[in-house]
Amino acid sequence: MNFWLMKSEPDVFSIDDLFKNKKSGWEGVRNYQARNFMRDQMNLGDLILFYHSSCDEPGIAGIAKVSKTKLVDPLQFEKSSEYYDPKSKEEDPRWIMVEVEFVEKFKNLVSLKKIKETKELSNMMVIQKGSRLSINPVDEKDFFLIKKMAL
DNA sequence: GCCAACGTTGGC
DNA sequence: GCCAACGTTGGC
């Protein structure tokens, strides 16, 4: 089993939205590195730190898990979508995604600030300078430490 | 709104 | 294949 961190802007899609919908396709990723993680390395049941970005208090808001793998992102073929990709072909779709399922919302958000202050988490990709990748692999021990910090 | 750090595009 | 210009991310 692998562990992940996935970023979402809460104005667009928050942990509360995932709670309401129970499940959601992780649409709109248009970065090859992030896509490759989803396409090649995500397995059913992998656990995900749900990260809120570009908001008042950036940080990890809860946990989700991978409920379906290797899905075709439908928005790449929708002309009206901001995620439309004219270069992607139906017979060879460029953008592959996973479906995620709600697991829990943290009682206390584990803020970016807190993560930066925690020495044991200094290796996390999300706090490395210049790291903008929206999907990061996470060490198992970091995953469970963050879960503990949310209590 | 600013801006640093990256990624992508396209001319050559 | 290089690289300048441009676009995006995301914290502050």
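Numbers restart at 1 for each chain; the letters A, B, ... are given by sequence-line order, proteins then strands.
Summarising the geometry, the separation between CG on A/Asp56 and C1' on C/dG11 is reported as 12 Å, rounded to the nearest angstrom. For the pair A/His52 NE2 and C/dT9 C1', the computed distance is 17 Å after rounding to whole Å. Between A/Met125 atom CE and B/dC6 atom P the separation is 13 Å, expressed in whole Å. Spacing between atom CD1 of A/Ile115 and atom C1' of C/dG11 amounts to 13 Å, rounded to whole angstrom units. A/Glu57 has its CD atom 11 Å from the P atom of C/dC12, to the nearest Å. Remark: C1' of C/dT8 and OH of A/Tyr83 are 11 Å apart, rounded to the nearest angstrom. One interatomic measurement links the two molecules: CE of A/Met6 to P of C/dT9, which rounds to 15 Å at whole-angstrom precision. At whole-Å resolution of the value, CZ in A/Arg30 and C1' in B/dT8 are 15 Å apart.
For the 3.5 Å distance criterion, the side chains of A/Tyr32 and A/Arg39 fail to qualify, holding no donor opposite an acceptor. Residues A/Ser24 and A/Asn21 bring no donor and acceptor atom of their side chains to less than 3.5 Å of each other.
For the pair A/Tyr51 and C/dG11, the criterion of a side-chain N or O lying under 4.0 Å from OP1 or OP2 is met. OP1 and OP2 of C/dG10 both lie 4.0 Å or more from every side-chain N or O belonging to A/Lys129. Taking 4.0 angstrom as the limit, A/Lys7 places a side-chain polar atom (N or O) nearer than this to OP1 or OP2 of C/dG10.
Across every non-hydrogen atom of A/Arg35 and A/Trp95, the tightest pair is CD-CE3, 3.9 Å. Counting all heavy atoms, side chain and backbone alike, A/Pro58 lies closest to A/Asp56 at CD-O, 3.5 Å.
A cation-pi contact links A/Lys22 to A/Phe19, judged by a cut-off of 6.0 Å to the six-membered ring centre and 45° from its axis.
No contact: A/Glu9 has no heavy atom under 4.0 Å from any strand. Residue contacts shown for A/Lys116 are limited to sugar-phosphate atoms, with no base heavy atom under 4.0 Å away.
The listed nucleotides are B/dG10, C/dG10, B/dA5; the one nearest the side chain of A/Lys87 is B/dG10. Proximity note for A/Leu112 (side chain, C-beta onward) versus C/dG11, C/dG10, C/dT8: the nearest is C/dG11.
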